[in-house]
Amino acid sequence: MAAAVVSPVGVEETVIRGRGGDAAGEGLYVERGPGAAYHMFVVMEDLVEKLKLLRYEEEILRRNNLKPLSRHYFALPTNPGEQFYMFCTLAAWLINKAGCPFEQPQEYDDPNATISNILSELRSFGRSADFPPSKLKSGHGEHVCYVLDCLAEEALKYVGFSWKRPVYPVEELEEETVPEDDAELTVNKVEEEIVEEETDNEENFIDLNVLKAQTYRLDMNESAKQEDILESTTDAAEWNLEVERVLPQLKVTIRTDNKDWRIHVDQMHQHKSEIESALKETKGFLDKLHNEISRTLEKISSREKYINNQLEHLVQEYRAAQAQLSEARERYQQGNGGVTERTRILSEITEELEKVKLEMEEKGSSMTDGG
């Protein structure tokens with residue numbers, strides 16, 4: 001017994017059941033169609049259109065400084081880390097769009113926890129997610145496209161968007177001319193066709209006398225036409241009216257081709273003149289700025305010299321005091337070293353004194369015991 005079911009990603013699959021009719025037995029075989037591997041590309045293209053309807057470019061891309069998605073972004077593996085981050089960001093935004101509060105995931109969050117939260121929200125919308133969560137860790141594939149597509153549909157439902165029926169343009173039907181039925185063949189028509197063929201064959205032969213007569217007539221007609229042209233009978237007013245009527249139609253517009261080298265030469269000359277005119281004005285500003293900077297530097301150098309002259313004796317006093325301070329520090333370090341040495345000697349003498357006291361006490365106690 002065979003039955004057709006729909007997988008979570010929307011691809012039709014054929015399930016062949018065993019003898020007992022149970023799909024969980026050993027007789028279960030799943031066969032997917034030859035176009036199942038390319039179905040995620042179709043889902044991804046639909047997802048991009050749905051995201052555009054939800055204005056994800058203004059609300060997600062510009063705020064987070066992200067690049068827009070291509071038609072096959074989640075269908076092909078390019079950068080797993082970047083794709084997983086984009087998947088989590090879009091999923092959180094779509095869940096918020098669908099009316100459920102969801103925190104934006106961060107880079108340091110646990111990916112397993114983030115995926116489980118997204119799938120739980122997907123199941124709360126009544127969508128099935130019968131696949132392991134590890135399928136979403138790579139950030140691409142049919143399951144990623146399926147989850148985002150379902151969330152986008154729920155967001156569109158919550159926003160109130162509805163798909164309208166397409167309006168097809170009405171094409172005007174041209175009146176077809178019905179040809180006459182020439183199926184009937186009569187004897188008169190056959191005779192007429194035979195006569196026409198005979199006359200055509202006769203016309204194929206050239207008669208030189210007739211040709212000479214025709215050329216003579218043409219020469220006479222041309223001479224007569226030339227005389228008629230010399231004596232024109234056309235009214236001037238009618239001619240002017242005809243010229244005014246036809247004049248708008250005689251205007252010829254030549255479209256400029258951007259590939260023509262003459263246009264490029266003209267543009268070069270135009271840009272050169274613009275650069276020269278702008279350079280004159282800019283050069284004046286730059287010269288003025290240069291003069292101001294040079295004057296400021298001169299003022300700074302003169303004031304620095306004045307300050308150095310005024311504070312020279314103070315600087316010398318400071319240097320002398322600094323030298324005295326360094327000498328005092330050296331003497332202090334030497335004295336401190338002597339104190340530490342004497343302290344060490346004192347501690348050694350104190351230890352020896354303690355030992356002597358202990359020996360005296362022991363001898364005194366032994367003397368009293370002997371008495």
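For residues 305-328, there are no salt bridge (Lys or Arg N to Asp or Glu O under 4.0 Å) pairs, not counting sequence neighbours. Within the structure, side-chain hydrogen bond (donor to acceptor under 3.5 Å, both in side chains) pairs that include any residue of residues 336-364 comprise Glu341-Arg344, Arg344-Glu348 (at least two apart or interchain).
Arg71 CZ to Phe41 CZ: the interatomic distance, rounded to the nearest 0.5 Å, is 10.5 Å. In this structure, CG in Leu69 is found 5.0 Å from CE in Met44, a value given to the nearest 0.5 Å. If you take CG on Leu66 and OH on Tyr85, they are separated by 6.0 Å, rounding to the nearest 0.5 Å. Taking NE2 of His264 as the start and NE2 of His271 as the end, the distance is 10.5 Å to the nearest 0.5 Å. Once rounded to the nearest 0.5 Å, the distance linking CZ of Phe74 with CE of Met86 reads 6.5 Å. Here the CG-CG distance, from Leu90 to Leu54, works out to 10.5 Å after rounding to the nearest 0.5 Å.
When side chains are defined from C-beta on, Leu51 counts as touching Leu94, because their heavy atoms get closer than 4.5 Å. You'll find the side chain of Glu244 reaches within 4.5 Å of the side chain of Leu241, heavy atoms only. A heavy-atom distance below 4.5 Å is found between the side chains of Ser128 and Tyr146. You'll find the side chain of Phe84 reaches within 4.5 Å of the side chain of Pro111, heavy atoms only. At a threshold of 4.5 Å between non-hydrogen side-chain atoms, the residues Leu119 and Arg123 count as touching. Residues Lys97 and Leu151 form no side-chain contact, since every pair of their non-hydrogen atoms from C-beta on lies 4.5 Å or further apart. A heavy-atom distance below 4.5 Å is not found between the side chains of His140 and Leu76. Considering only heavy atoms from C-beta on, Phe131 comes within 4.5 Å of Val147 through its side chain.
The 12-atom threshold is exceeded at CD of Glu57, counting heavy atoms of other residues, nucleotides or ligands nearer than 6.0 Å. Atom CD of Glu281 is surrounded by 12 or fewer heavy atoms from other residues, nucleotides or ligands within 6.0 Å.
Looking at Gln83, its side chain does come within 3.5 Å of a backbone N or O of Tyr73 through a donor-acceptor pair.
Under the 4.5 Å side-chain heavy-atom criterion for grouping Ile, Leu, Val, Met, Phe, Trp and Tyr, Leu156 is connected to Trp93 within one hydrophobic cluster. Follow the hydrophobic side-chain contacts under 4.5 Å out from Ile293 and you never reach Leu286; the two are in separate clusters. Val42 and Val48 fall into different hydrophobic clusters, defined by Ile, Leu, Val, Met, Phe, Trp and Tyr side-chain heavy atoms under 4.5 Å apart, directly or through other members.
Considering all non-hydrogen atoms of both residues, Cys150 and Leu122 come closest at CB-CD1, 3.7 Å. When all heavy atoms of Glu142 and Met40 are compared, the pair lying nearest together is N-SD, 3.7 Å. Scanning all heavy atoms of the two residues, the minimum distance from Asn117 to Ser120 falls at O-OG, 2.6 Å. Nearest heavy-atom pair across Cys145 and Ala75 is SG-N, 4.3 Å.
Using a cutoff of 4.0 Å between basic side-chain nitrogens and carboxylate oxygens, Glu242 and Arg245 are scored as salt-bridged.
Remark: Tyr318 pairs with no residue by the ring pair (Phe, Tyr, Trp, His ring centres under 6.0 Å) rule, at least two apart or across chains. Considering only residues two or more places apart in sequence or on other chains, Glu58 meets the side-chain hydrogen bond (donor to acceptor under 3.5 Å, both in side chains) condition with none of them. For the side-chain contact (heavy atoms from CB on, under 4.5 Å) test, residues two or more places apart in sequence or in another chain that qualify with Gln270 are Glu274. Under the side-chain contact (heavy atoms from CB on, under 4.5 Å) criterion, Glu121 pairs with Ile95, Cys100, Phe102, Ser124, not counting sequence neighbours.
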